[in-house]
Amino acid sequence: MTALAYRIDRSSRASRIGSSVLIGLGLILATVPQFFVATVVQQLTSLFIFVILAVMWNALAGYGGLVSVGQQAFIGFGAYGTVFLAQRDVPPYLAVLLAAGASAVLAAVLAPLVLRLRGGPFAVGTWVVAETLALLVVLDHSLGGGTGVSLRGLNVFRPDERRAYTYWLALAFLVLLLGAVFVLLRGRTGAGLQAIRDDQEAAASLGVRVWPLKAGLYVLAGFGGGAAGALILANTLFIEPRSIFGVQWTAYMLFMVLVGGIGTFEGPLLGALLFFGVQYLFADYDAWYLIGLGLTAGAFALFLPRGLWSLVPVRLLPVGYHLRRDGPGVF
Amino acid sequence: MTWVNAVLQGIFLGGLYALFACGLSLMFGVMRIINLAHGDLAVLGAFVVWWAATSLGAPPAPALIGALPLALALGYLLQVTVLTRSLRGGELTPLLTTFGLAIVIQNALLLIFSPDVRSLATVTGSLSTGSWQIGGLTVPYLGLLILIVATGVLGGLHLVLERTGFGREMRAAAQDPDTAALVGVPATAVYARATAIAVATATLAGTFLAVHSTIDPASGPTQLIFAFEAVVIGGLGSLRGTLIGGLVLGVAQTIGAQIDPQYSILAGHLVFLIVLLVRFSPGRLVPAA
């Protein structure tokens with residue numbers, strides 16, 4: 001008998017360096033409001049929001065196989081939830097937190113309904129839910145009806161203070177959600193979810209508890225979407241139902257995740273960065289810009305289904321399994 | 001009587017939704033995919049007819065009849081260039097590519113035709129405005145025509161699928177593409193025919209929408225949602241169910257509108273959600289019984 005000559009590593013040198021760099025980057029980013037002008041802080045806040053959206057949509061579609069066209073339901077609910085609470089004298093930043101929590105509750109309520117559907121029907125079913133919520137908001141005149149509403153209560157802060165607080169809150173949500181997805185994927189839930197994505201029946205027959213996993217993922221994505229929506233409101237201070245409940249959010253998420261790399265941890269981060277740059281450069285071209293987004297996303301889905309990150313042979317985070325040889329093994 | 005009339009108008013409106021839903025239902029039944037660009041393809045077809053009728057001065061009926069072969073060709077082309085490849089990528093890839101296609105079509109229409117709202121009602125005269133009054137009930141010419149066409153298209157397609165060799169090939173490819181291929185029925189060719197038919201019926205529906213009310217480059221998603229609701233309400237994968245689903249959706253919307261015009265679309269969504277709650281057991285795609 002010889003000792004086991006192989007071991008399974010969860011991390012590699014690259015992933016150790018990668019995660020250290022990411023943590024360092026997070027710490028550096030936390031100091032940005034002290035050193036940079038208002039536009040930089042505000043732009044970075046919207047970048048964080050895009051990253052949150054991409055990471056959440058990737059968790060749903062890339063790991064759970066749940067392609068949703070209706071995550072804007074939670075974006076809108078988070079934003080309007082914040083307005084609703086702020087109108088009732090809840091301090092605005094507390095309202096942002098509570099609205100994100102309320103979005104998770106909404107997702108838990110909706111999960112038994114929409115998760116009856118799979119694949120294409122799930123995609124459009126979630127969209128119907130988003131449209132229904134948008135119509136209900138339009139009917140409510142205390143929320144501004146169809147014309148939109150501003151977030152009041154933030155004017156107790158100086159503008160630069162307000163921007164800094166919103167920035168830190170967005171960064172905190174981003175770190176929290178990235179951490180949640182990381183923990184989820186590293187453990188057996190990650191393996192279970194990916195098994196469901198690849199073949200739900202086969203996964204169930206192997207003992208994966210399909211329903212709690214899918215519902216849990218949907219609730220997490222609802223929380224993330226709600227947080228993103230509340231942060232969008234805190235960053236721009238004004239929302240209207242047509243745009244906050246608009247399907248263009250799904251177009252953006254689709255672009256970020258497909259270009260970056262669906263089903264990879266790092267892909268959505270890369271995709272959000274690219275989308276941020278593309279938007280900065282081309283958003284003025286409007287229709288052409290959107291045609292470009294649609295064509296690019298479609299082309300990636302067809303020709304490079306794992307996105308740009310699949311071209312990078314490095315995993316920044318220790319999420320995989322690697323078989324390594326310890327010493328001279330004997331067979 | 002106003003309520004009875006509301007139900008009647010709902011049935012006529014439902015004919016239009018059933019026509020929109022026809023292609024969506026066919027593609028789902030044959031390939032198990034939802035074409036997220038379905039509504040936009042319908043609007044694209046309607047814009048072509050509108051352009052022919054207004055810029056070329058063609059009468060609307062010949063313009064529509066001329067556009068249908070183009071729509072068949074477009075559907076065939078769409079299948080062989082994009083969808084066949086998408087299907088190979090797994091069941092989620094067609095969603096991603098058709099969503100991308102939807103964005104492209106919407107914005108291309110925006111560039112070509114501007115965001116203005118268009119209608120064919122101006123060139124169809126009394127067809128779009130006229131009606132019979134029968135004992136307090138209103139029977140619009142156009143509503144009746146759309147209902148007849150919808151019943152004819154969905155019923156005809158149902159018969160073709162059930163009774164002809166063409167339909168048998170399609171059902172075979174739908175049930176088991178690999179085995180169908182073994183006995184000489186190549187799935188890719190059958191799928192292309194299904195998509196061609198779907199795009200043609202979408203063009204028909206889009207044109208009727210433009211006669212009935214208005215279209216603009218952003219009209220597609222709403223029509224996709226209505227079509228999808230009709231398909232689900234009627235039970236996925238059955239054309240007869242789709243016709244009934246369309247009618248139920250139409251009636252729900254007009255009854256909602258009768259209570260308050262703001263509730264029209266909301267009422268349709270609620271019926272859809274209730275059907276989802278009642279008829280679909282968790283984890284199953286097909287209604288339980």
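In the text below, chain A, chain B and the rest are named by the order of the sequence lines, each starting its count at 1.
- With hydrogens and angles disregarded, a donor-acceptor distance shorter than 3.5 Å links the side chain of Asp199(A) to the backbone of Ala202(A).
- Proximity to chain A is absent for every atom of Ile33(B), based on heavy atoms less than 4.5 angstrom apart.
- Ranked by heavy-atom pairs shorter than 4.5 Å toward chain A, the options Leu224(B), Leu273(B), Val104(B) are led by Val104(B).
- Classified by interplanar angle (parallel below 30°, tilted 30° to 60°, perpendicular above 60°), the ring pair Trp249(A)/Phe50(A) is tilted.
- When heavy atoms are compared at a cutoff of 4.5 Å, Gln106(B) does not approach chain A at all.
- Surrounding OH of Tyr263(B) are at most 12 heavy atoms belonging to other residues, nucleotides or ligands under 6.0 Å away.
- For the options Leu110(B), Thr93(B), Leu277(B), heavy-atom pairs under 4.5 Å to chain A are most numerous at Leu277(B).
- In this structure, Trp50(B) and Phe113(B) have perpendicular ring planes: the angle between them is above 60°, well past the 30° mark.
- Here Glu229(B) contributes atom CD and Gln253(B) contributes atom CD; the two are 7.5 Å apart, rounded to the nearest 0.5 Å.
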Scan the side chains in residues 125-145 of chain A for donor-acceptor partners under 3.5 Å anywhere in the protein, sequence neighbours excluded, and list what turns up.
| unit_1 | atom_1 | unit_2 | atom_2 | d |
| --- | --- | --- | --- | --- |
| Thr126(A) | OG1 | Ser68(A) | OG | 3.3 |
| Thr126(A) | OG1 | Val69(A) | N | 3.3 |
| Thr126(A) | OG1 | Gly70(A) | N | 3.2 |
| Thr126(A) | OG1 | Phe122(A) | O | 3.3 |
| Thr126(A) | OG1 | Ala123(A) | O | 2.6 |
| Thr132(A) | OG1 | Val128(A) | O | 2.7 |
| Asp140(A) | OD1 | Ser142(A) | N | 3.0 |
| Asp140(A) | OD1 | Ser142(A) | OG | 2.7 |

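- Residues Phe272(B) and Phe228(B) place their aromatic rings such that the two centres sit under 6.0 Å apart.
- The greatest number of non-hydrogen atom pairs below 4.5 Å with chain A, out of Leu111(B), Val82(B), Thr97(B), Leu270(B), is found for Leu111(B).
- Residue Leu302(A) touches chain B through both its backbone and its side chain, counting heavy-atom pairs closer than 4.5 Å.
- When heavy atoms are compared at a cutoff of 4.5 Å, Val231(B) does not approach chain A at all.
- Atoms OH and CZ, from Tyr17(B) and Phe20(B) in turn, are 9.0 Å apart once rounded to the nearest 0.5 Å.
- Counting heavy-atom pairs closer than 4.5 Å to chain A, the top residue among Leu101(B), Ile34(B), Asn35(B) is Ile34(B).
- Proximity to chain A is absent for every atom of Pro217(B), based on heavy atoms less than 4.5 angstrom apart.
- Within the 4.5 angstrom heavy-atom criterion, atoms from both the backbone and the side chain of Leu266(B) approach chain A.
- Asn58(A) approaches Gly261(A) most closely through the heavy-atom pair OD1-O, 4.2 Å.
- Of the two parts of Leu258(A), only the side chain, counted from C-beta on, holds a non-hydrogen atom closer than 4.5 Å to a non-hydrogen atom of chain B.
- The contact between Thr250(A) and chain B is made by backbone and side chain atoms together, counting heavy-atom distances below 4.5 Å.
- With a threshold of 4.5 angstrom between heavy atoms, Ile105(B) does not approach chain A through any atom at all.
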